[in-house]
Engineer: 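Quick one: this structure, given as structure tokens, is what I'll be asking you about.
This one's a predicted model, so the numbers in the text were calculated from it and none came from an experiment.
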Amino acid sequence: MVREAKRTDLKGLLLLYSQLHENSFLQYNAHAETVWDQILSSKICHIIVNEVCGRIVSTCSLMIIPNLTHGQRPYALIENVVTDASFRRRGFALACLRKAKEMAVQQNCYQMMLMASSKKEEALHLYERAGYSQNEKAALVQRLF
């Protein structure tokens, strides 16, 4: 079942995020709860999950960002796409990305951009199947540690 995340999903999300870049530092603590509260109350941030038998197996983050250009239409940004290793190649992430697109269309976004840290062919192929192009824009990142 693809849906927006709810309050009780935090632990499952953190467990799934531990597979994103081998993020073993993720912890369930008071700070995580505070950040989770901020995300859940935000009109900009949306966490989409795909749940199978009560377990979150895939997710993506959708940000719908207000904008003064393009007729003041917002744009959407996708981040943190991850599927549990034992559930990959079954369409779970694609379903999350489709839900994100549906939500962006409902919010009248003029475009969606996806930030992918993986340059693996299988991941890039997934994003292309979801309608994203590698030829539109270049992403540049500056780390702020």
Engineer: Going through the distances and angles, do R3 and D9 end up as a side-chain contact (heavy atoms from CB on, under 4.5 Å)?
Structural biologist: CA-CA 11 Å; R3 59 175 174 77; D9 290 331; 2.7 Å; yes
Engineer: Enter the distance from H125:NE2 to K120:NZ here, rounded to the nearest 0.5 Å.
Structural biologist: 16.0 Å
Engineer: Which one of N80, I48, L114, T83 satisfies the side-chain contact (heavy atoms from CB on, under 4.5 Å) criterion with C60?
Structural biologist: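 The residue from N80, I48, L114, T83 that satisfies side-chain contact (heavy atoms from CB on, under 4.5 Å) with C60 turns out to be I48.
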Engineer: Spell out, yes or no, whether L97 and F87 are grouped together once hydrophobic residues are joined by side-chain heavy atoms under 4.5 Å, including indirect joins.
Structural biologist: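 Different clusters.
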Engineer: Quick one, M103 with E4, criterion side-chain contact (heavy atoms from CB on, under 4.5 Å). Give me CA distance, side-chain angles, the key distance, then yes/no.
Structural biologist: CA-CA 10 Å; M103 292 171 66; E4 276 202 74; 3.3 Å; yes
Engineer: Any donor-acceptor pair under 3.5 Å linking the side chain of S58 with the backbone of V82?
Structural biologist: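 Side chain of S58 to backbone of V82: a pair is present.
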Engineer: To the closest 0.5 Å, what do you measure between CD (E121) and CG (L126)?
Structural biologist: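 The CG atom of L126 is 12.0 Å from CD of E121, to the nearest 0.5 Å.
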Engineer: Can you measure from CD1 (I56) to SG (C96) and round to the nearest 0.5 angstrom?
Structural biologist: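 Reported to 0.5 Å precision, the distance equals 9.5 Å.
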Engineer: Is the shortest side-chain heavy-atom distance between V81 and Y127 below 4.5 Å?
Structural biologist: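 They are in contact (side-chain heavy atoms under 4.5 Å apart), so the answer is yes.
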Engineer: List the steps, then state whether side-chain contact (heavy atoms from CB on, under 4.5 Å) holds for C109 with I64.
Structural biologist: CA-CA 8 Å; C109 292; I64 297 180; 3.7 Å; yes
Engineer: CD of E102 to CG of L62: how many Å apart, nearest 0.5 Å?
Structural biologist: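 Here the rounded value is 11.0 Å.
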Engineer: Should Y132 and L124 be regarded as members of a common hydrophobic cluster, given that ILVMFWY residues are connected when their side-chain heavy atoms come within less than 4.5 Å of each other, either directly or indirectly?
Structural biologist: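 Cluster IDs for Y132 and L124 match.
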Engineer: Mind checking whether E122 and R89 have side chains closer than 4.5 Å, heavy atoms only?
Structural biologist: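 The answer is yes; the side chains approach within 4.5 Å.
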Engineer: So how far is it from I39 CD1 to L13 CG, rounded to the nearest 0.5 Å?
Structural biologist: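 Between I39 CD1 and L13 CG, I get 8.5 Å after rounding to 0.5 Å.
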Engineer: Working to the nearest 0.5 angstrom, can you tell me the gap between M1 CE and K99 NZ?
Structural biologist: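 Going from CE on M1 over to NZ on K99, the span is 11.0 Å.
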Engineer: Please find the pair of heavy atoms, one from A32 and one from Q27, that lie closest to each other, and give the distance.
Structural biologist: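 Answer, listing the atom of A32 first, then Q27: CB-O, 3.5 Å.
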Engineer: Rest of the hydrophobic cluster containing I44 (Ile/Leu/Val/Met/Phe/Trp/Tyr, side-chain heavy atoms under 4.5 Å)?
Structural biologist: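 Besides I44, the cluster holds M63, I65, Y75, L77, Y110, M113, M115, V141.
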Engineer: Going by the side-chain contact (heavy atoms from CB on, under 4.5 Å) test, name the single residue among T59, V57, V2, L16 that passes it with V49.
Structural biologist: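 The passing option is T59.
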Engineer: With sequence neighbours excluded, what pairs up with R7 under the side-chain contact (heavy atoms from CB on, under 4.5 Å) test?
Structural biologist: E33, W36, D37, L40
Engineer: For N67 and Q72, does a side-chain donor sit closer than 3.5 Å to a side-chain acceptor?
Structural biologist: no
